[in-house]
Undergrad: 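Pasting a structure here, questions to come.
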Amino acid sequence: MSAILAKNRIREDKEMRNAYCETLMELAEKDERIVVLDADLMSSMGMKPFLKAYPERTFNVGIQEANMIGVAAGLSATGKIPFAHSFGPFATRRCFDQIFLSCGYSRLNVRITGSDPGVTASYNGGTHMPFEDMGIMRNIPDITILEPVDSVMLRDLIKQTANLYGVFYTRLLRKNAVKIYEEGSTFEIGKGVQLRDGKDVTIIATGIMVDEALKAAEALEVDGISARVLNMFTLKPIDKETIIKSAEETGAIVTAENHNVINGLGSAVAEVLVENRPVPMERVGVFDRFGEVGPESYLRERFNLTASDIMEKVKKVIARK
Amino acid sequence: MLGAEKIKEFEIFALKIRIEAMKAIGNLGFGHVGGALSIADALAVLYGGVMNVDPKNPRWDDRDWLICSKGHAGPAVYAALALRGYFPLEELMTLNKPGTHLPSHCDRNLTIGVDMTTGSLGQGSSLAVGVALGNRLDGRENYTYLILGDGEIQEGQVWEAALYAAQQKLDNLIAFIDYNKKQLDGFTKEINDLGDIKAKFESFGWHGQEVDGSNVKEIYEAIERAKEVKGKPSVIVLHTIKGKGWSFAENTASNHHMTVSKEQMEEALDELYKKLEKAVTR
Ligand SMILES: Cc1ncc(C[n+]2csc(CCOP(=O)(O)OP(=O)(O)O)c2C)c(N)n1
Ligand SMILES: [Mg+2]
């Protein structure tokens, strides 16, 4: 793993979905076992180029997510390497038993991608806004759950999962991400990345909250608070070692996620802390609410997913030390 | 039989639904244009006369229910509700705005007049079966109307509901299929062909009909016939056109979710207002 923090954290030119499609095309060129499944959201996912290049390896089943997952599991039993996509809620909630039994319990080899995480579902509203996708997937034994933060990480992780065996859930922002890593950075699944060192508190963040965490840390520095920032892009298996080390070295933890705090990153980190190195901890995330419709910027404020929400929790947790 | 005056009234209502839906979507700049426009005629017949509802008492127990399972047609449903007097037309401009009561997908807890929450395709079918069962248990004589997208019926849940509705002889349930031949990624035929939808439902024990879904008279008469069927649920397959009413949308291959510029909205409204004028003066 050698991850380099981007000098300028600006919106990437390329959309995540295009990086996803390009990566799958690269993989498909080298490995004919790679197959792609979708449930009538190929255009939303920018996967039409893949369809064009590999029509015989593309299975757009139509609007039937549960069937898609079962078909993916069947394909994997014949040695294929399926990547199945839908919007986050439909790729998880809508077909959970198929994922749990046909993929997980059956010990098959399936990659599931759920797009439009949390508030980024924006104008599609509450029915399409997954604050629970990673949470429910976390209950599948041995699953790997990834939330790539930008296109550099996305490409690296997708390539890695292609060569691994098991059930993988990738939570994918569809549009342009904020660039966090320099080109060429590589990552180790199950290992958090330290983006910034600090001694008073550790902010552990994932997804769109990573940039907010860095902004918060920069602003806190002005107030004389030194915050470490970790990008915990693997929710499962969670990186216990790094969490424990941060608890020991900084004595306080704040988690930040665009997800329900129940069974998301906040829960996963809390579980590690209470069993190993209890220190004061606060969570930034969605506190057991349903999604709503609106512009993303409005929703970020409404669900308290901003840098200032992180700063508030940091001050609160430090006061509890 | 439906008199010429009533036909005209339905046609005007359908055009007004299209106009108001396009204003709301155009004001926002994007939305599910295709599927909102294709179902406008059916909504006009339902809210314009067939459905026994009371906008002043939206949760009246004896009302007819409508479950728009293709929840992304929200803007058309909201337009129909506003035109019917459930809430002021101006509210349509709040579509998807912060704090709105009108989200992309139909929501029973947000919008007055919306009976059931939809948006995850397929789920409205079972909801409709439950509502029809519940009303029958209570001895009511009202109807439950269900609108499904053609792509939507690829969901297995729809067929589970269809099987059970027939088992329960739900003759108070009337379903429409908005058969506009397209789903999000393209033509249903090329993605996962639905074949003979009417025959499929019939083989599941339903009474089936197939009509021109852009023709209010045909829609109305099909509903009348469906009401006469006893001991079976009814399906009416509506042959529709995705984007119907705005030529540009009709002729755009990818017309499921579209961006709509101010100029395009003006163009759409211009076309629709001309049709309205013609319908009114005919
Ligand atoms: C369970 C589920 N899967 C996917 C989607 C995303 N989606 C919204 S509309 C749509 C296409 C619908 O096609 P169709 O039912 O034919 O509707 P229409 O043509 O009337 O718009 C898709 C795939 C969804 N809302 N719910
Ligand atoms: Mg359709």
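In what follows, chains carry the letters A, B, and so on, assigned in the order in which the sequence lines appear, proteins first and then strands, with residues in each chain numbered from 1.
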Undergrad: When only pairs under 4.5 Å are counted, which of B:Gln123, B:Gln183, B:Glu152 shares the most heavy-atom pairs with chain A?
TA: B:Gln183
Undergrad: So for atom NZ, which belongs to A:Lys175, do other residues, nucleotides or ligands contribute more than 12 heavy atoms lying within a distance under 6.0 Å?
TA: no
Undergrad: Under 4.5 Å heavy-atom distance to chain B, tell me which part of A:Asp40 shows up: side chain, backbone, both or neither.
TA: both
Undergrad: Is the number of heavy atoms from other residues, nucleotides or ligands under 6.0 Å of B:His101 NE2 greater than 12?
TA: no
Undergrad: With a 6.0 Å cut-off (strictly less than), is the heavy-atom count around NZ of A:Lys52, excluding the residue itself, greater than 12?
TA: no
Undergrad: Can you confirm whether more than 12 heavy atoms, excluding those of A:Leu101, are under 6.0 Å from its CG atom?
TA: yes
Undergrad: Distance alone, cut at 3.5 Å: any donor-acceptor contact between the side chains of A:Asn124 and B:Ser104?
TA: no
Undergrad: Take a 6.0 Å sphere around CZ of B:Phe187 and say whether it holds more than 12 heavy atoms from other residues, nucleotides or ligands.
TA: no
Undergrad: More than 12 non-hydrogen atoms from neighbouring residues, nucleotides or ligands closer than 6.0 Å to OH on A:Tyr105, yes or no?
TA: no
Undergrad: Would you say CZ of A:Phe59 has more than 12 non-hydrogen atoms from neighbouring residues, nucleotides or ligands within 6.0 angstrom?
TA: yes
Undergrad: Count the heavy atoms of every other residue, nucleotide or ligand shown that sit under 6.0 Å from CG of A:Asp13, and state whether that count exceeds 12.
TA: no
Undergrad: Answer yes or no: is there a donor N or O on one side and an acceptor on the other, between the side chain of B:Asn96 and the main chain of A:Gly294, under 3.5 Å?
TA: no
Undergrad: Let me know if A:Leu299 has heavy atoms under 4.5 Å from chain B in its side chain, its backbone, both or neither.
TA: neither
Undergrad: When heavy-atom pairs shorter than 4.5 Å are enumerated against chain A, which of B:Ser120, B:Gly186, B:Ser254, B:Gly151 gives the highest number?
TA: B:Ser120
Undergrad: Do you know which two heavy atoms are closest between A:Val61 and B:Ile191, and how far apart they sit?
TA: C-CG2, 4.4 Å
Undergrad: Checking the side chain of B:Asp185 only, and the main-chain atoms of A:Ser43 only, is there a donor and an acceptor separated by less than 3.5 Å?
TA: yes
Undergrad: Go through the atoms of A:Tyr123 and report whether side chain, backbone, both or neither lie under 4.5 Å from a heavy atom of chain B.
TA: both
Undergrad: To check you understand the geometry: which heavy-atom pair defines the closest contact between B:Gly99 and A:Tyr298, and what is its length?
TA: N-OH, 3.3 Å
Undergrad: Is it true that a side-chain atom of A:Gln64 and a backbone atom of B:Gln154 form a donor plus acceptor pair closer than 3.5 Å?
TA: yes
Undergrad: Please flag which part of B:His72 lies under 4.5 Å from any non-hydrogen atom of chain A: side chain, backbone, both or neither.
TA: neither
Undergrad: Chain A heavy atoms under 4.5 Å from B:Leu110: which part of the residue, side chain, backbone, both or neither?
TA: neither
Undergrad: To the nearest 0.5 angstrom, please state how far the CG atom of B:Asn192 sits from the CG atom of A:Asn67.
TA: 8.0 Å
Undergrad: Who wins among A:His128, A:Arg94, A:Lys48, A:Arg302 for the most heavy-atom pairs under 4.5 Å with chain B?
TA: A:Arg94
Undergrad: Non-hydrogen atoms of chain B under 4.5 Å away: do they reach the side chain of A:Thr127, the backbone, both or neither?
TA: side chain
Undergrad: Below 4.5 Å, heavy-atom pairs only: which of A:Arg93, A:Glu292, A:Glu65 has the largest tally toward chain B?
TA: A:Glu65
